[in-house]
Amino acid sequence: MIKITLPDGNIKEVNKGTTSLEIAISISDGLARNVLCASVNGELWDLDRPIHEDSSLKLHTWSDSEGKKCFWHSTAHIMAEALEELYPGVKFGIGPAIENGFYYDIDLNGKILSSDNFSKIESKMKELSSMKLKFERKKVSKKQAYSYFEAKGDEYKLELIENLNEGDITFYTQGNFTDLCKGPHIPSSEKIKAIKLLNVAGAYWRGDENRKQLTRIYGISFPKQKELINYLDFLEQAKKRDHRKIGKEMELFTFSQKVGQGLPMWLPKGTKLKEKLENFLKEAQEKAGYLPVTTPHIGNKELYIQSGHYDKYGEDSFQPIKTPNDGEEFFLKPMNCPHHCEIYVSKQYSYKDLPIRLAEFGTVYRYEQSGELHGLTRVRGFTQDDAHIFARPDQLKEEFINVIDLVLFIFNALGFTEFKTQISLRDKENKEKYIGSDDNWEKAEQAIIEASKEKKLDTVVEYGEAAFYGPKLDFMVKDAIGREWQLGTIQVDYNLPERFELEYIGPDNKKHRPVMIHRAPFGSMERFIAVLIEHCNGNFPIWLAPEQFIILPISEKYHDYAEKVLSFLKKYDICGPIDRRAETTGRKIRDAEVSKLPYIIIVGEKEVERDVITIRKHGGEDLGSMSVDAFKNLIKKEIRSIIKFNN
RNA sequence: GCCGAUGUAGCUCAGAGGUAGAGCGUUUCCUUGGUAAGGAAGAGGUCACGGGUUCAAUUCCCGUCAUUGGCUCCA
């Protein structure tokens, strides 16, 4: 007999050689039906693998990520089998489960596969999965493995085998398909009830752009048809919220081929939104002791040689602008920090003056590869809500806390209630990769860790993810439909103070080097607005909405009254249009709802008589009639209700 | 940059080797209305751009540009 310890601490005595599935059956029928794979002493196992010694056991179902991963990975094998039947000679790269589904990289020997082929592959997969195929595990020697794939002519698998250790190699076979795989797999293919292939893309073998590009097919599968429908619905929702679509519909921004790809242009309404956001942050920053500065859009090549950016990016970036006579070279600025460093050196500072916090909504230009551009989230010209804090090393932690406070305030005000942070530290094994003294790094890393702890941030620490010039703290928010976005960042920099020879006079009357913090709570205005649009589905909070209302006169007779209402509200910086079309009220209401205006003001005979307006909120709530002044107060109150920083 | 897909009216899209269509929007007229689509008529397109095949190309082929799904990269 052996002892099996379950996650709840219960210990089961079973015969040696009992499988996880048998244990699941002994616990409950439901569990036996739903279990997909198991962790035996922390290692993922198939359910039919006999257990020979005392072990801890955790059974995985669809409700945990191990279960899902196992399920999706098994579906990838089914897809591979289907592909092999449909396209004989196809070679396989890797086919893992991912966060949402799975993919398989395949080499079709030059044959092109597009989404038009999906339904054929899906039907074949469904046919295979309904055959109740078992995934059978088999230990093989390196030599056996090698000769199997050599016979098949699959050089990708051969390459994978080369990197495996003798004794660790297993094959899995289901139906007519055998794959190199460490498993585990679900007990039977029949559990896969719903399959959807999602898209096809090119992917370099082993992520190396110098190697062959394979065809990657993405898909997802579920144990119930209903779950697939829900998932497809989620994708549909996400599509409806797409900032590119809403941006067009609400006339926020546009692109022009003639202006250039990746160069967004803000339309009047989008500009209004962007300005409101900027003003909101400016106000908060002013209270937090930032000093606004303004710098030019270009900088001399020398500046970037000194900053080190020229060396690193000069060749792969936008090429310099040359002056006609003196042969001077200027670059569009790809970041604001070198300019800000030069502002810092324009004056001498005492240790008592620090920290100096220079803030600028600086528009920068970066050459991004054409395939990487995407709406407002990935562009070639964008405005950073940038600031650089020049501080004494002993002020690092306090400054970090201040910046974290500011970021949290902003997230809170904008309704991003769920977020995570990541601390990126040095790779302790390769310290030579980084600039700055060991001591300084140690201090900076501690400062970030302690500041995050004090602010009780939900933090992941990643070693080796720091930039070469300093550690950083990144913020990831979760939007209204559960997607994660990376936004703000706070980075310590030891490199630029060094390169620009930044100094302050210490209490010892000697020169000391300050440390720099780069920080951008939004990251870029463009990207942030894109996230905000998708988060609130275009229904901006009233204080950000480009227009707060629309006035709907019941008929032409009330246009004058509508004008009167409008000009009153305008005085209080509350704005919106009048719908003067000769349409029915029902029609005007519908159009107003579709255009996401926060308030609908209706004026007709009743209103004119009593000198009031009737208010309907976006979404249908009826607020009844009130005086224009009362409405103004209502809006003002709602706008004021956003939390003020440091108030 | 690489692989795949796409590019037709302001927007969303249909279409065929014989130089184009729908819905929405817009314009004009009728209707003067009370909480999610009133009616009628009209305007609007070098079918992304450049080549090629063809009697004929917007349609087929090639190239370019842009958009898009990924890959790679990201100060």
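Numbered from 1 within each chain, the chains take letters A, B, ... in sequence-line order.
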Nearest-neighbour nucleotide for the [X] side chain, [options] considered:
X	options	value
Arg378(A)	A75(B), C73(B), G4(B)	C73(B)
Ile602(A)	U32(B), G34(B), A66(B)	G34(B)
Lys312(A)	U12(B), G34(B), A75(B)	A75(B)
Ala582(A)	G1(B), C30(B), C71(B)	C30(B)
Pro334(A)	G34(B), U12(B), A75(B)	A75(B)
Gln257(A)	C71(B), A66(B), G1(B)	A66(B)
Tyr204(A)	C11(B), C71(B), G69(B)	C71(B)
Ile554(A)	C71(B), G33(B), G4(B)	G33(B)
Lys606(A)	G69(B), A75(B), G34(B)	G34(B)

For [X], which contact category applies under a 4.0 Å heavy-atom criterion: base, sugar-phosphate, or nothing?
X	answer
Gly586(A)	sugar-phosphate
Ala201(A)	base
Thr614(A)	base
Arg616(A)	base
His374(A)	sugar-phosphate
Gly207(A)	sugar-phosphate
Gly624(A)	nothing
Gln486(A)	nothing

Measuring to OP1 and OP2 of [N], would you say a side-chain N or O of [X] lies under 4.0 angstrom away?
X	N	value
Arg244(A)	U67(B)	no
Thr585(A)	U35(B)	no
Gln213(A)	C71(B)	no
Arg581(A)	U31(B)	no
Lys248(A)	U12(B)	yes
Thr584(A)	G38(B)	yes
Tyr218(A)	C71(B)	yes

With [atom1] as the reference atom in both, quote the distance from [N] to [M] in angstrom, rounded to an integer.
N	M	atom1	answer
G15(B)	U53(B)	C1'	23 Å
G7(B)	A14(B)	C1'	15 Å
C24(B)	A57(B)	P	35 Å
A9(B)	A20(B)	P	15 Å
U46(B)	U58(B)	P	13 Å
U59(B)	A16(B)	C1'	7 Å
C30(B)	U68(B)	P	45 Å
G44(B)	C73(B)	C1'	44 Å

Report the distance from atom [atom1] of [X] to atom [atom2] of [N], rounded to the nearest whole Å.
X	N	atom1	atom2	answer
Met250(A)	C11(B)	CE	P	18 Å
Gln369(A)	C71(B)	CD	P	13 Å
Ile217(A)	A5(B)	CD1	C1'	14 Å
Asp386(A)	A75(B)	CG	P	14 Å
Lys212(A)	C71(B)	NZ	P	20 Å
Leu303(A)	A75(B)	CG	P	18 Å
Gln261(A)	U6(B)	CD	P	20 Å
Asp107(A)	C71(B)	CG	C1'	15 Å

Could [X] and [Y] be called an ion pair, given the rule that one side-chain N must be under 4.0 Å from one carboxylate O?
X	Y	result
Asp242(A)	Arg244(A)	yes
Glu249(A)	Lys596(A)	no
Glu593(A)	Arg616(A)	yes

Original post:
A75(B) base stacked by Tyr313(A)? Criteria: ring centres under 5.5 Å, plane angle under 30°.
Top reply: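 Ring-base stacking flag set for Tyr313(A) and A75(B).
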Original post:
Hey, is the side chain of Glu605(A) pairing donor to acceptor with the base of G33(B) inside 3.5 Å?
Top reply: no
Donor-acceptor under 3.5 Å ([X] side chain, [Y] main chain):
X	Y	answer
Glu342(A)	His339(A)	no
Glu556(A)	Arg581(A)	no
Gln306(A)	Arg499(A)	yes

**OP:** Taking only heavy atoms on the protein side, list every residue of residues 588-596 of chain A lying under 4.0 Å from any atom of RNA chain B, sorted numerically.
**Re:** Ile589(A), Arg590(A), Glu593(A)
**OP:** Let me know, please, whether Val603(A) or Ser370(A) comes out on the 5' side of the other along RNA chain B by nearest nucleotide.
**Re:** Ser370(A)
Subject >> CZ-CZ distance between Arg357(A) and Arg519(A), expressed to the nearest 0.5 angstrom >> reply: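 Arg357(A) atom CZ to Arg519(A) atom CZ measures 10.5 Å (nearest 0.5 Å).
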Subject >> Partner set under side chain to side chain donor-acceptor pair (under 3.5 Å) for Tyr104(A), not counting sequence neighbours >> reply: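 Partners of Tyr104(A) under the side chain to side chain donor-acceptor pair (under 3.5 Å) test: Lys157(A), Asp179(A).
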Original post:
Are Tyr310(A) and Phe331(A) close enough that their ring centers fall under 6.0 Å?
Top reply: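 Ring-ring flag for Tyr310(A)/Phe331(A): true, centres closer than 6.0 Å.
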Name the orientation class of the two ring planes belonging to [X] and [Y] (parallel below 30°, tilted from 30 to 60°, perpendicular beyond 60°).
X	Y	answer
Tyr365(A)	His297(A)	tilted
Phe419(A)	Phe475(A)	tilted
Phe318(A)	Tyr367(A)	perpendicular
His388(A)	Phe390(A)	tilted

Original post:
Which one of Phe361(A), Phe522(A), Trp485(A) satisfies the ring pair (Phe, Tyr, Trp, His ring centres under 6.0 Å) criterion with Phe528(A)?
Top reply: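 That would be Phe522(A); it is the only one of Phe361(A), Phe522(A), Trp485(A) passing the ring pair (Phe, Tyr, Trp, His ring centres under 6.0 Å) with Phe528(A).
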**OP:** Any chance you could encode RNA chain B as dot-bracket? Rule is Watson-Crick or G-U wobble with both distances under 3.5 Å; [ ] for pairs crossing earlier ones, | for another strand.
**Re:** (((((((..((((....[..)))).(((((.......))))).....(((((..]....))))))))))))....
